[in-house]
Each structure stands twice: as structure tokens, then as C-alpha cells.
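Quick note on labels: first sequence line is chain A, next is B, and so on, each numbered from 1.
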Number of protein chains: 2
Amino acid sequence: MTLSPDTPRLAFADLADALEALRQRGLRVTTPRRLVLEALFAAEVPVSAEHIAQNVNLELTSVYRNLETLEHHGLARHVHLGHGPGLYVLIGRGEREFLSCERCGAVRSLTTEQLDPIRDRVRELYGYEARFSHFPIVGLCPDCAQRREAAS
Amino acid sequence: MTLSPDTPRLAFADLADALEALRQRGLRVTTPRRLVLEALFAAEVPVSAEHIAQNVNLELTSVYRNLETLEHHGLARHVHLGHGPGLYVLIGRGEREFLSCERCGAVRSLTTEQLDPIRDRVRELYGYEARFSHFPIVGLCPDCAQRREAAS
DNA sequence: CGCGCTATTGGGAGTGCCTTGCATTAGTGG
DNA sequence: CCACTAATGCAAGGCACTCCCAATAGCGCG
């Protein structure tokens, strides 16, 4: 699957690249590893370990272990969108951040730069270095916010 | 606007007040209930159910159930500060919000108004109604941010 | 290509944080 | 002080991982 031309350049353009990177780091390219990576490449939204395990028919344990090593080697990361399991995404295809709706579960994807003004404001007001990449902002999406306002 | 009977605003200054409010709502004032409430009044930071259970020597189950009913009746709420158990706080004594440090666990307490500029910015940029009250902003406190910068 | 070294795997058990079910206990209004 | 039923204690269950270990299978080497 080719990347759209406007997608930022990245370290791991495709599966083969990523696998090569792993091999170079002394990691073995096993079938489960490859399948997990494939699942991440195929996903357009963050996915749970459970989801991957079901899809590619792997032991959940193995999926978690692979996600962990992918994270450790900078190929993937996970976010906590409210309650529920952690969700995993590939790194390197243009960094994404997320806003999630507590009510309907909608996930809005943003570029890192889009959240910079928020991070800047938090830093400037409270000195905290907000890292929404791991614990994103949770709230109500425009639709749910409106619906709730109408109901009151 | 009209007061919805199932979401009344409870105002209570102390334990006796809170217990009276519960009684008025048809809830029984039992020893475990009173102990959980006392623990919340005593805590100056958000506390876990486990913490309460240990302190007042109650069944964890009972603590969870009581926290749930206190939440349901608007006397308490909980926040998720990064990983780890949910942490409970009383409401009605001046609303607090939190900023937590992913590295050292430090929790900075703020008034709701202090976070309003951030919420406003999120709304104005993305239309999301950020609700940091349930999933607060997680990041690095000034100390940890500096330490990390120095290390790089 | 075969061999050996060891990273990785499957599967099972364990942990943390709750949630549910149920028989028993104890607040409360009458 | 009685009856009614909310609330409790205890046991079990559930979700999201995390750990352990014997068996397997990549990978470098000859």
C-alpha cells in the first residue's frame, strides 16, 4: 500500500523498511512480529492489542510483547483514550495526536503542531509540559457538546 | 433554568451536612458510608478506594459501592491521573482540577477557572468541550521538565 | 544446507483494579 | 420495636495486562 504524496517523509515508509530496521537492531523478524506490524500499518485509527490479536489470530501475550518491543524501538506508541484498553499506533507516518469524546467515543486526529498552542498555553500558565501524546484530551465532541447543551 | 430533580446541587459544609443530605435523598447512613465520607473529608488530595479501605478498615467492595453512590448523588467524583487507580475527591468545597506529572507523580491542584483559558482555546480551535475534570492533563511538572531538558 | 545459540513464542498462571451476585445484617419509617 | 429493604461482607468474575517457562524457530556461521 503506497502512501499518499502529501504524507510527510518518514523513517519507515513501509513494512519491509520497518522489518529491516528491526533486523538491523538485532531483533528477529518472526511471523507474529510481522503480523503485528502489518496490523499497525493497516490500521487508520489507534487499535487495541486485543483487536490485533483477533484480526491476525495471535496469542494476546505475544501481541503485547511485540507492541512493547516496537514501542521500545520507536516504531509504535500507545495512547489512553479515556477508559478502555490502551490503543496502539505506528510512529513515523506523520505524528498524530488525538481528541476523544467521552460520550460517543469519536476520535479526532490532529497533527502535533495543532496542539502546540494548547501545550504552549499550559506551559506559560502553569509551567507544566503537557504531553497529550500519551494521555490525550478527553471531553465532548462538538455534536455531543451541543446535544448536552440542548438537553439542559 | 428549571432544576432537574435528579441532579440537584448539594451544598454541604461538613460531614453532618453531607450525611443529612444523603438521608434527605432516602439513602441510609451506615457506618461504612460515614467512614468513607469521613475519609474524603480528611483527605487533602485525591485518594484511591484502596487507600480509604485500608485507612478505615472496610471491605474494598463496600468502599467502591459507597464512592459510586456518593458520585451518583453529587457528593464526590473521581479523576484518572495517568496510570493507576482512580482517585476520589469530595465535591462542593470549591472545585479543584489537577495537573499531574507522569514522571514523579506530583499533582498540582488548580481551580476550575484556572483551566478555563485552556478549555476555551480547545473549544475555539477544535470545537471540543475539554473536560479535564475526569481525565486531567498529564505531562511533566516544571522540575521534571527541566531535568529532562538538562539531560538531553 | 545444516547446526547451534538464544530470541521469541504459546499457553497458563498471576496481578491490579474494579464489578457482580447473593445470603445476611442493620438503618428507618411507621 | 417491627417490618421492610437498603446496604454490607464475602466470594467469584471480568478486563487489561504482565510474568513464567518449556518448546520453537530465526539468524549467523561453517
Does [X] put a side-chain nitrogen or oxygen below 4.0 Å from OP1 or OP2 of [N]?
X	N	answer
A:Arg28	C:dT6	no
B:Thr61	D:dG9	no
B:Thr30	D:dT8	yes
B:Tyr64	C:dC18	yes
A:Ser62	C:dG10	yes

Salt bridge or not between B:Glu68 and B:Arg65? Use side-chain N to carboxylate O under 4.0 Å.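 A salt bridge is absent here (no side-chain N lies under 4.0 Å from a carboxylate O).
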Inspect the contact between A:Glu97 and A:Arg119 and indicate whether a charged nitrogen and a carboxylate oxygen are less than 4.0 angstrom apart.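 A salt bridge links A:Arg119 with A:Glu97.
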Can you tell me the distance, in whole Å, between the [atom1] atom of [X] and the [atom2] atom of [N]?
X	N	atom1	atom2	answer
B:Asn66	C:dG27	CG	P	13 Å
B:Leu37	D:dA7	CG	C1'	15 Å
A:Glu71	D:dT18	CD	C1'	14 Å
A:Leu35	D:dG26	CG	P	11 Å
B:Glu59	C:dT20	CD	P	17 Å
B:Leu60	D:dC10	CG	C1'	12 Å
B:Arg33	D:dA6	CZ	C1'	8 Å
B:Leu22	C:dG27	CG	P	15 Å

Under 6.0 Å between the ring centres of A:His80 and B:His80?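 For A:His80 and B:His80, the ring centres are not under 6.0 Å apart.
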Any chance CD of A:Glu20 has more than 12 other-residue heavy atoms, nucleotides or ligands included, within less than 6.0 Å?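 Buried by this count: over 12 neighbours within 6.0 Å.
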Can you establish whether the number of heavy atoms outside A:Glu149 located under 6.0 Å from its atom CD is more than 12?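 No, CD of A:Glu149 has 12 or fewer neighbouring heavy atoms, counting only those of other groups under 6.0 Å.
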Using heavy-atom distances to pick each residue's nearest nucleotide on DNA chain C, tell me which of A:Leu27 and B:Leu87 is more 5'.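 Its nearest nucleotide lies further toward 5', so the answer is A:Leu27.
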5'-most by nearest nucleotide on DNA chain C - B:Glu50 or A:Val29: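 Looking at DNA chain C, the more 5' nearest nucleotide goes with A:Val29.
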Could one point to a donor on the side chain of A:Arg65 or the base of C:dG10 with an acceptor on the other under 3.5 Å away?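 Checked by distance alone, the answer is yes.
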With a non-hydrogen cut-off below 4.0 angstrom, is A:Gly86 in contact with a base, only sugar-phosphate, or nothing?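 Counting heavy atoms under 4.0 Å across all strands, the contact made by A:Gly86 is with sugar-phosphate only.
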